[in-house]
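Since the structure comes first, as structure tokens, the remarks are kept for the end.
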Amino acid sequence: MKIATFNINGIKARAAALCDWLDAAKPEVVLLQEIKSVDANFPRELFEDRGYNVETHGQKSFNGVAILSKLPLEDVSRGLPGDDGDDQARWIEATVVGKTALRLCGLYLPNGNPAPGPKYDYKLAWMERLHDRARALLAAEEAALIAGDYNVIPQPEDAARPEAWEKDALYLPQSRAAFRRILNLGLTDAFRARHPEPGHYSFWDYQAGAWQRNDGILIDHILLTPQAADLLKDSGIDAHVRGGEKPSDHVPVWAELDL
DNA sequence: ATGGTGGGGATCCCA
């Protein structure tokens, strides 16, 4: 079963590119970020016509996450626990059942720039809540996948020019330490488990010809609990999507699980 | 040091 994460940077602007990729890659499950749409305006028929069940957690103008799945989506929940005052749509969960049950968690982690400042404080607080949720998922000792746009460059080899990101919220030591602390709970990075070498990216800025110069960063990650990691067969990044018509600035990252 | 591009939707915010 192929499960992908894809920050599409606006569903309205990306409907064609997303459908082209779905038709070619045929993933069973897709976790979407930055749909930038309220639930009522999400073009769910586009995906239902292709055999996907659709669950959204949107908001006006910004953020917004969704799950597309050919298998039924059960026990859907919206919003990352830990702060009732947080109204930003950045987290959605659901369960699919294949050979075994798999809990899917889709996330759009705060960007955090400029740092320092209130946006960076929000990012770090959000990562603390993510840590707590990940710990609970691990304690359940079941297969779970926590994937999305983490807005964290975990290590120097995850950037073409790490020195350019030294003062950026995506690469500050505190951001990387918070990510590592979550990983160190016992999660497996599905892409890095199979592709440890440098030079793999999931985001290229629209500006300054970043794609043409391959000036990318790897910030979209798929983390697996041990029970899910045991099912990992393959993983990859569909980088070619960045060279398509009206592309997102991110590309799909996927994992194949024996589910 | 600056400005480079793009989406959303309102005359500016966010990335």
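Per chain, numbering begins at 1; letters A, B, ... match sequence-line order. The analysis underlying the following values was restricted to heavy atoms, covering all of them including side chains, and did not include hydrogens, waters or symmetry mates.
- In this structure, A/His221 contributes its side chain and A/Ile146 its backbone to no donor-acceptor pair below 3.5 Å.
- With hydrogens and angles ignored, the 3.5 Å screen pairs a side-chain donor or acceptor of A/Asn151 with a backbone N or O of A/Leu109.
- Across the protein-nucleic acid pair, A/Arg14 atom CZ and B/dG6 atom C1' stand 8 Å apart, rounded to whole Å.
- For the OP1/OP2 pair of B/dA10 and a distance below 4.0 Å, the side-chain nitrogens and oxygens of A/Lys60 include at least one atom meeting the criterion.
- One can place CD1 of A/Ile11 at 19 Å from P of B/dG6, the figure rounded to the nearest angstrom.
- Put simply, the side chain of A/His195 gets close to the backbone of A/Ser235: a donor and an acceptor are under 3.5 Å apart.
- Nucleic acid contact class of A/Tyr108 (heavy atoms, under 4.0 Å, all strands): sugar-phosphate only.
- Using a 4.0 Å cut-off, no side-chain N or O of A/Lys36 falls inside it from OP1 or OP2 of B/dA15.
- More than 12 heavy atoms of other residues, nucleotides or ligands sit less than 6.0 Å from atom CG of A/Asp49.
- With both ends at atom C1', the span from B/dA15 to B/dG3 equals 15 Å, rounded to whole Å.
- Each of A/Ile35 and A/Phe62 lies near DNA chain B, and the nucleotide nearest A/Ile35 is the one positioned closer to the 5' end.
- Protein atom CD1 of A/Ile8 is 12 Å distant from nucleotide atom P of B/dG7, rounded to whole Å.
- Between B/dC13 and B/dG9, the two C1' atoms lie 10 Å apart (nearest whole Å).
- B/dG8 atom C1' lies 12 Å from atom OH of A/Tyr206, rounded to whole Å.
- Here the OG atom belonging to A/Ser202 is positioned 7.0 Å from the CD1 atom belonging to A/Ile217, to the nearest 0.5 angstrom.
- The nearest heavy atom of DNA chain B to A/Phe203 and to A/Ala208 marks one nucleotide each, and the one closer to the 5' end goes with A/Ala208.
- Around atom CD of A/Glu163, more than 12 heavy atoms belonging to other residues, nucleotides or ligands sit under 6.0 Å away.
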Per-nucleotide pairing state of DNA chain B [Watson-Crick or G-U, under 3.5 Å; [ ] pseudoknot-crossing; | other strand]:
....((((...))))
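- Going from atom CH2 of A/Trp204 over to atom P of B/dA15 covers 21 Å, rounded to whole Å.
- Protein atom CG of A/Asn151 is 14 Å distant from nucleotide atom P of B/dC14, rounded to whole Å.
- Proximity of the aromatic rings of A/His200 and A/Phe191 is defined here by a centroid distance below 6.0 angstrom, and this criterion is met.
- Distances were taken from every side-chain heavy atom of A/Asn111 (C-beta onward) to each of B/dG9, B/dG7, B/dA15; the shortest belongs to B/dA15.
- Only the P atoms considered, B/dG6 is 22 Å distant from B/dA10, to the nearest whole Å.
- Atom NZ in A/Lys119 sits about 9 Å away from atom C1' in B/dA15, given to the nearest Å.
- One can place NZ of A/Lys167 at 14 Å from P of B/dT2, the figure rounded to the nearest angstrom.
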